Amino acid sequence: MQKMLSLLSRVLKGPAQKPVTGAANEAVRVMVASRNYADFASEATFDIKKCDIHRLEEEPPTQAVLTREEGLQYYRTMQTIRRMELKSDQLYKQKIIRGFCHLYDGQEACCVGLESGINPTDHLITAYRAHGYTYTRGVSVKEILAELTVHFISVSDGSWMGQIFENYNMAALWKLPCIFICENNRYGMGTSVERAAASTDYYKRGDYIPGLRVDGMDVLCVREATKFAADHCRSGKGPILMELQTYRYHGHSMSDPGVSYRTREEIQEVRSKSDPITLLKDRMLNNNLSNVEELKEIDVEVRKEIEEAAQFATTDPEPPLEEIANHIYRNDPTFDVRGANLWIKYKSAS
């Protein structure tokens with residue numbers, strides 16, 4: 001590469017050996033970049049962990065093809081979610097974000113793998129720890145951070161809580177095309193799954209509903225399992241349950257330091273051996289789908305995007321008090337909402 005740069009420099013300088021400037025410099029950069037991209041592989045095939053299955057005659061594949069374009073997209077998305085959550089942690093500690101805050105760092109392969117295995121038109125319902133899904137569903141980092149800091153231009157996430165076994169039963173009775181997802185991050189608040197459950201085979205909890213246990217730290221494993229589950233549902237076979245074995249780096253919420261019921265060494269071991277971003281990065285580098293310089297460029301761009309979003313979220317004006325009752329219902333006529341006492345009323349607009 002150095003020889004190529006030297007040769008291009010001499011050619012562009014010409015006989016008079018004038019310094020390379022302006023358009024000439026740009027030509028060198030473009031030609032070198034073209035050479036770099038041409039040297040990359042367009043795709044690679046990887047072995048992925050075999051899924052455990054329940055009440056299924058077939059199973060997801062144990063190999064996955066990753067194109068260079070897909071790899072770069074997954075890497076950028078997971079890095080964006082990781083950096084967004086770390087920024088949320090910082091803003092919370094500065095008391096700019098208040099209330100409950102459940103961070104998603106460590107679990108990025110789950111939402112990115114799931115989204116890559118379904119269609120954008122498919123419905124996705126989640127509860128808390130949903131920042132990653134909010135982003136993969138199309139909401140910008142700027143809007144997410146503005147929502148967390150309770151500023152003017154923001155977006156509210158819906159939440160769904162229900163009696164899970166009742167839902168399993170109705171979905172099975174009606175053969176609904178529904179994929180139930182359990183992101184098993186090994187702890188329910190501060191209690192390990194081994195201490196809380198007589199059986200930790202959550203993928204079998206649907207009983208009569210087929211299930212899969214998936215490596216939730218591997219974006220390719222999640223993607224292939226999701227494609228399998230989606231095909232199962234679309235073919236009219238009814239619901240399916242997926243348990244994604246993953247890990248959260250933060251505590252349950254920001255009020256939980258996360259090290260009173262597990263050791264720092266445990267967290268560090270998962271980071272060093274199973275981190276979803278590192279796993280994807282190593283695969284891409286080792287199979288010539290990218291190089292260190294290109295991925296560093298993405299890292300820089302992501303950090304810049306997060307910082308700009310945080311700046312916007314912390315300086316944008318707070319919503320006026322008269323809008324506190326807005327958006328209670330969707331597409332309904334405006335109506336009155338009682339305030340803290342009988343004499344205070346707000347208008348609710350959709």
Side-chain angles (χ1 to χ4, degrees), residues 81 84-85 87-104 107 111 120-171 174 176 178 180-183 185 188-191 248 250-257 306 308-350:
I81 295 169
M84 178 176 69
E85 296 299 71
K87 177 56 68 173
S88 298
D89 172 274
Q90 179 184 341
L91 294 174
Y92 194 95
K93 289 172 179 174
Q94 293 172 351
K95 298 186 178 180
I96 297 173
I97 294 175
R98 294 174 178 268
F100 294 107
C101 186
H102 303 86
L103 300 182
Y104 198 67
Q107 300 181 213
C111 64
T121 53
D122 291 327
H123 296 289
L124 191 151
I125 304 171
T126 184
Y128 61 80
R129 211 177 306 281
H131 303 164
Y133 287 103
T134 307
Y135 180 71
T136 59
R137 285 274 103 179
V139 181
S140 70
V141 176
K142 181 185 291 187
E143 291 174 302
I144 294 170
L145 291 183
E147 169 70 18
L148 292 174
T149 55
V150 197
H151 280 74
F152 189 63
I153 300 176
S154 63
V155 57
S156 294
D157 305 330
S159 66
W160 173 72
M161 293 287 185
Q163 300 303 314
I164 190 65
F165 294 105
E166 293 177 9
N167 283 277
Y168 287 162
N169 184 56
M170 296 306 293
W174 294 343
L176 298 180
C178 178
F180 291 98
I181 305 294
C182 167
E183 289 192 42
N185 59 27
M189 298 187 74
T191 305
R248 57 169 163 81
H250 269 85
H252 170 73
S253 68
M254 286 301 296
S255 61
D256 169 21
I306 300 301
E308 289 175 353
Q311 179 67 20
F312 171 83
T314 53
T315 57
D316 192 52
E318 292 185 357
L321 183 61
E322 55 267 22
E323 293 189 8
I324 193 171
N326 280 355
H327 310 299
I328 293 176
Y329 298 107
R330 183 174 180 268
N331 295 334
D332 267 20
T334 300
F335 60 94
D336 289 336
V337 176
R338 196 183 80 175
N341 59 54
L342 292 171
W343 300 273
I344 298 176
K345 288 188 177 180
Y346 300 103
K347 294 287 185 182
S348 178
S350 298

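All figures in this text were calculated on a predicted structure; none of them were measured in a lab.
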Show your working on side-chain contact (heavy atoms from CB on, under 4.5 Å) between His102 and His250 and close with a plain yes or no. CA-CA 8 Å; His102 303 86; His250 269 85; over 6 Å; no
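- The shortest distance between side-chain heavy atoms of Val150 and Glu318 does not fall below 4.5 Å.
- With sequence neighbours excluded, the residues that form a side-chain contact (heavy atoms from CB on, under 4.5 Å) with Ile328 are Ala325, Phe335, Val337, Ser348.
- A distance of 8.0 Å separates SG of Cys178 from CG of Asn167, quoted to the nearest 0.5 Å.
- Applying the side-chain contact (heavy atoms from CB on, under 4.5 Å) criterion to Asn341, with sequence neighbours excluded, gives Trp343, Ile344.
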Given Arg129 and Asn185, is the side-chain contact (heavy atoms from CB on, under 4.5 Å) satisfied, shown in steps? CA-CA 11 Å; Arg129 211 177 306 281; Asn185 59 27; 4.0 Å; yes
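- Summarising the geometry, atom NE2 belonging to His252 is positioned 4.0 Å from atom CE belonging to Met189; distances are rounded to the nearest 0.5 Å.
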Before giving the answer on side-chain contact (heavy atoms from CB on, under 4.5 Å), spell out for Cys101 and His131 the whole-Å C-alpha distance, their side-chain angles and the decisive distance to 0.1 Å. CA-CA 10 Å; Cys101 186; His131 303 164; 4.2 Å; yes
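- Applying the salt bridge (charged side-chain N to carboxylate O under 4.0 Å, His left out) rule to Lys95 yields no partners; only residues at least two apart in sequence or on another chain are considered.
- To the nearest 0.5 Å, atoms CG (Leu145) and OG (Ser140) are separated by 8.5 Å.
- Looking only at atom types and distance, the side chain of Gln90 has a donor-acceptor partner in the side chain of Lys87 under 3.5 Å away.
- Taken to the nearest 0.5 Å, the SG atom of Cys111 stands 9.5 Å off from the CG atom of Leu124.
- Taking the side chain as every heavy atom from C-beta outward, Tyr346 and Asn326 never approach each other to under 4.5 Å.
- More than 12 heavy atoms of other residues, nucleotides or ligands shown are found within 6.0 angstrom of CZ on Arg137.
- Closest non-hydrogen pair, Ala313 versus Ala146, comes out as CB-N, 3.7 Å.
- Classification of the Phe165-Tyr168 ring pair by plane angle, with boundaries at 30° and 60°, yields perpendicular.
- Here the straight-line distance linking atom CD1 of Ile181 with atom CD1 of Ile125 works out to 12.0 Å at 0.5 Å rounding.
- A donor-acceptor contact shorter than 3.5 Å is absent between the side chain of Glu85 and the backbone of Leu103.
- Lys345 pairs by the side chain to side chain donor-acceptor pair (under 3.5 Å) definition with nothing, not counting sequence neighbours.
- Here the closest heavy-atom approach between residue Tyr92 and residue Gly99 is recorded as OH-O, 2.7 Å.
- With sequence neighbours excluded, no residue forms a salt bridge (charged side-chain N to carboxylate O under 4.0 Å, His left out) with Asp256.
- In this structure, the side chains of Lys142 and Glu308 stay at 4.5 Å or more apart for every pair of heavy atoms.
- In this structure Tyr133 satisfies the side chain to side chain donor-acceptor pair (under 3.5 Å) test together with Glu183, sequence neighbours excluded.
- No donor-acceptor pair under 3.5 Å is formed between the side chain of Glu323 and the backbone N or O of Pro320.
- Across all their heavy atoms, Ala309 and Val141 have their closest contact at CB-CG1, 3.6 Å.
- A donor-acceptor contact shorter than 3.5 Å links the side chain of Ser350 to the backbone of Asp332.
- Nearest heavy-atom pair, Leu91 versus Thr314, reported as atom, atom and distance to 0.1 Å: CD2-CG2, 4.0 Å.
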Might you work through the side-chain contact (heavy atoms from CB on, under 4.5 Å) test for Ile81 and Thr136, ending with a clear yes or no? CA-CA 9 Å; Ile81 295 169; Thr136 59; 4.1 Å; yes
